[in-house]
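Any value given below was found using the heavy atoms of this structure, including those in side chains, with hydrogens, waters and symmetry copies removed.
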Amino acid sequence: MTRKYFGTDGIRGKANEPPMTAEIALRVAQAAGAVFQRGEHRHRVVIGKDTRLSGYLLEPALTAGFISMGMDVILLGPLPTPAVAMLTGSLRADLGVMISASHNPFEDNGIKLFGPDGYKLSDELESRIEALIESPAAPVPSDQLGRASRLDDAIGRYVEWVKGTFPPGLRLDGMKIVVDCANGAAYKVAPAVLWELGAEVVPIAIWPNGRNINSNCGATAPEMMQEAVIAHEADIGIALDGDADRLIVADERGKRVDGDQLMALIAQSWAKVGRLKGNAVVATVMSNLGLERFLKQQQIALHRTAVGDRYVTEHMRASGCNLGGEQSGHMILSDYCTTGDALIAALQVLAVIRQGGRKASETLNLFKPLPQILHNVAAPPEVLEMPAVKRAIEAAEVKLNGNGRILIRRSGTEPVVRVMAEGDDEKLVRALVDELSAVIEKAA
């Protein structure tokens, strides 16, 4: 079924244009409210947001939609996506909503939905909501309208919860940490967590103005963080994205460390003490082949899923694994949280460094990634079914001769086809990406 509204991670688009208009947000709330009103109790929904200007547009529209369906709304204000997931369960809400376009620029925004268990919704539930969005709503009588209130201690609840995931008795005293908050949802909570655990904190990108979220900062643009690590002679740098579910790290030399290396580090650490459930890591098809080879050496399996942290989480639940993530920095540690949480993942990384007593550069880089080239081609997804494109992909796989991977897929967030190849021979990998991109462009 082709879906009009929901994509890889909720509903996303340019603010004040369909589907990110106040009108559609109201209808989404009414549709979701209709699906999640189960039982005879007083129904409630929690709503959080990042720091985008358009949050002021979407938050009241969603609030009005839920209230019209008889649901009470608890407003959290700017908080990370994982905080919304946690508080949805903690407050026994029927539904959680995060208003965010994650790592996208401020012009975009999105709506992410969480069920009462704090997990992102399944495709089936999203399809049920989508089917109701364009149908007439059935609002409650005026005497059954919901109410809206603000949770004043939301920040404090989340900070204490995150701190509670750090190993008991361990502290960060004596460590200097640069933390880049991307002018986003974690601009208050991230520095607070690290400081309260004893670190000397150098916070950057903590001055959101509604327009500067993810702008030359954060996990998708970590260069400023890397430079700050060197300038301040810090022990490590941490960069979060706009809604703080994505993590990129830099060692004390300013060298960037991606999600694959972080998953390898945590997996190795947990496996040694018997904490790695299923003796496996769940990652997407985009994770580097170097990670797979490293884990195999450690006798740890790698399960791959479609791109999107929701699919990683679903596979983790189905297989009983407790560690998963994406190369881009989404890190899901299900012993602690139901979705990606960059702060909790960062604390696990810091714990390994602290316990090992070595520098970040000596701890974080566990394997050498294979050359991996990714190119986006503006093309409709139908081109992937064309015979010429299929033949080109088969020919490229023959040329790799088992020493790498070819991955061609449609984007879930943009009108492009993503062409990726990786292998031991970087020159060959680049040539194959160029050839495949040209074939797809011609077919389009």
Query raised in the report: Are the side chains of V202 and V179 in touch, meaning some heavy atoms are under 4.5 Å apart?
Result: no
**Report entry** From L113, L121, V45, residue fulfilling side chain to side chain contact (heavy atoms under 4.5 Å, CB included) relative to F36
**Finding:** L121
Query raised in the report: Do L276 and I266 have side chains that get closer than 4.5 Å, going by heavy atoms?
Result: no
**Report entry** Derivation and outcome, side chain to side chain contact (heavy atoms under 4.5 Å, CB included), residues R246 and M331
**Finding:** CA-CA 7 Å; R246 183 180 293 204; M331 303 289 291; over 6 Å; no
Report task. Consider only side-chain N and O atoms of D245 and T81, and report whether a donor and an acceptor are under 3.5 Å apart. Result -> no
Report task. Under the salt bridge (charged side-chain N to carboxylate O under 4.0 Å, His left out) rule, collect the residues that match up with E252, sequence neighbours excluded. Result -> none
Query - Contact summary for L62 and A25, nearest pair of heavy atoms - result: CD2-O, 3.3 Å
Query raised in the report: Q30 versus V28: any side-chain heavy-atom pair under 4.5 Å?
Result: no
Query - Q372 side-chain N/O to M286 backbone N/O, donor-acceptor pair under 3.5 Å - result: yes
Query raised in the report: Thinking salt bridges, do K399 and E435 make one under a 4.0 Å N-O criterion?
Result: yes
Query raised in the report: Are the side chain of S122 and the backbone of L125 linked by a donor-acceptor contact shorter than 3.5 Å?
Result: yes
Report task. May I have the step-by-step check of salt bridge (charged side-chain N to carboxylate O under 4.0 Å, His left out) for D108 and R52, ending in yes or no? Result -> CA-CA 8 Å; D108 295 340; R52 294 165 207 272; over 6 Å; no
Query raised in the report: How long is the gap from CG on L323 to CD1 on I300, to the nearest 0.5 Å?
Result: 9.0 Å
Query raised in the report: Would a 4.5 Å heavy-atom cut-off, applied to side chains only, mark L95 and F114 as touching?
Result: no
Query raised in the report: Between the main-chain N or O of K368 and the side-chain N or O of N365, is there a donor-acceptor pair closer than 3.5 Å?
Result: no
Requested in this report: Output yes when a side-chain donor or acceptor of D241 lies under 3.5 Å from a complementary backbone atom of S102, and no otherwise.
Outcome: no
Requested in this report: Please confirm whether the backbone N or O of G237 pairs with a side-chain atom of Q226, one donor and one acceptor, at under 3.5 Å?
Outcome: no
Query raised in the report: Does a donor on one side chain sit under 3.5 Å from an acceptor on the other, for E326 and Y311?
Result: no
Report task. Salt-bridge test for K390 and E394: reply yes if a basic N is under 4.0 Å from a carboxylate O, no otherwise. Result -> no
**Report entry** Main-chain N/O of A250 paired to R256 side chain as donor or acceptor, under 3.5 Å
**Finding:** no
Query - Lys/Arg-Asp/Glu bridge criterion (N-O < 4.0 Å) met for D9, K112 - result: yes
Report summary line: Taken to the nearest 0.5 Å, the spacing of D94 CG from T88 OG1 works out to 10.0 Å
Requested in this report: Considering only NZ, NE, NH1 and NH2 on the basic side and carboxylate oxygens on the acidic side, decide whether K14 and E107 come within less than 4.0 Å.
Outcome: no
Query raised in the report: V312 versus T284: any side-chain heavy-atom pair under 4.5 Å?
Result: yes
Query raised in the report: In terms of side-chain geometry, is the basic nitrogen of D243 or K49 positioned less than 4.0 Å from the acidic oxygen of its partner?
Result: no
Query - For A396 against L432, the heavy-atom pair lying closest together - result: O-CD1, 3.8 Å
Report task. Say whether, by atom type as modelled, one donor and one acceptor occur between the side chain of D251 and the main chain of K255 under 3.5 angstrom. Result -> yes
Report summary line: Rounded to the nearest 0.5 angstrom, the CG-CD distance for L265 and Q348 is 10.0 Å
Query raised in the report: Crowded around N403 CG? As in, over 12 foreign heavy atoms under 6.0 Å?
Result: yes
**Report entry** Sidechain-backbone polar pair: T21 side chain, E17 backbone, donor-acceptor under 3.5 Å
**Finding:** no
Report task. Would you name the heavy atoms of L172 and R354 that are closest together and state the gap between them? Result -> C-NH2, 3.6 Å
Query raised in the report: Hey, are K296 and E292 close enough for a salt bridge, meaning a charged N less than 4.0 Å from a carboxylate O?
Result: no
Report summary line: Sorted by chain and residue number, the salt bridge (charged side-chain N to carboxylate O under 4.0 Å, His left out) partners of R128 (sequence neighbours excluded) come out as none
Query - Sole candidate of E134, E126, R12, E130 that passes side chain to side chain donor-acceptor pair (under 3.5 Å) when paired with Y5 - result: E134
Query raised in the report: When rounded to the nearest 0.5 angstrom, what distance separates CD1 in I204 from CG in D180?
Result: 4.0 Å
Query raised in the report: Around E233, counting heavy atoms of other residues, nucleotides and ligands shown, do more than 12 lie under 6.0 Å from its CD?
Result: no
**Report entry** Closest approach of T339 to A85 (non-hydrogen atoms, all atoms of both residues)
**Finding:** CG2-CB, 3.9 Å
Query raised in the report: Where do Q298 and K272 land on the side chain to side chain contact (heavy atoms under 4.5 Å, CB included) test, with the steps shown first?
Result: CA-CA 10 Å; Q298 304 291 314; K272 285 180 179 177; 5.6 Å; no
Query raised in the report: Do the non-hydrogen side-chain atoms of L53 and R211 ever get within less than 4.5 Å of each other?
Result: yes
Query - D50 side chain near I213 side chain, heavy-atom distance below 4.5 Å - result: yes
Query raised in the report: Is the backbone of A283 close enough, under 3.5 Å, to the side chain of S287 for a donor and an acceptor to pair up by distance?
Result: no
**Report entry** Residue pair I248 / G259: nearest heavy atoms and the distance that separates them
**Finding:** CD1-N, 4.3 Å
Query raised in the report: Looking at Y119, does the NZ or CZ of R317 lie under 6.0 angstrom from its six-membered ring centre and within 45 degrees of the ring axis?
Result: yes
Report task. May I ask you to say whether D335 pairs ionically with R275, meaning some side-chain N is under 4.0 Å from a carboxylate O? Result -> yes
Query raised in the report: What do the steps show when you test L370 against D424 for side chain to side chain contact (heavy atoms under 4.5 Å, CB included), and what is the final call?
Result: CA-CA 6 Å; L370 272 67; D424 297 299; 3.8 Å; yes
**Report entry** Exercise: do S334 and N322 side chains pair donor with acceptor under 3.5 Å
**Finding:** no
Query raised in the report: Taking D258 for the side chain and Q261 for the main chain, is one N or O donor matched with an acceptor at less than 3.5 Å?
Result: yes
Requested in this report: Measure the CD-CZ distance between Q297 and F367 for me, rounded to the nearest 0.5 Å.
Outcome: 10.5 Å
Report task. Determine the minimum heavy-atom distance between A301 and L295, stating which atoms define it. Result -> O-CD1, 4.3 Å
**Report entry** Any donor-acceptor N or O pair under 3.5 Å, side chains N288, D260
**Finding:** no
Query - More than 12 heavy atoms from other groups under 6.0 Å of NZ on K188 - result: no
Requested in this report: Please test I406 against M420 for side chain to side chain contact (heavy atoms under 4.5 Å, CB included), starting from the C-alpha separation and ending with a verdict.
Outcome: CA-CA 6 Å; I406 300 288; M420 189 277 280; over 6 Å; no
Requested in this report: Starting at CG of D309, measure out to CD of E314 and round the result to the nearest 0.5 Å.
Outcome: 10.0 Å
Query - Heavy-atom side-chain proximity of T165 to D341 below 4.5 angstrom - result: no
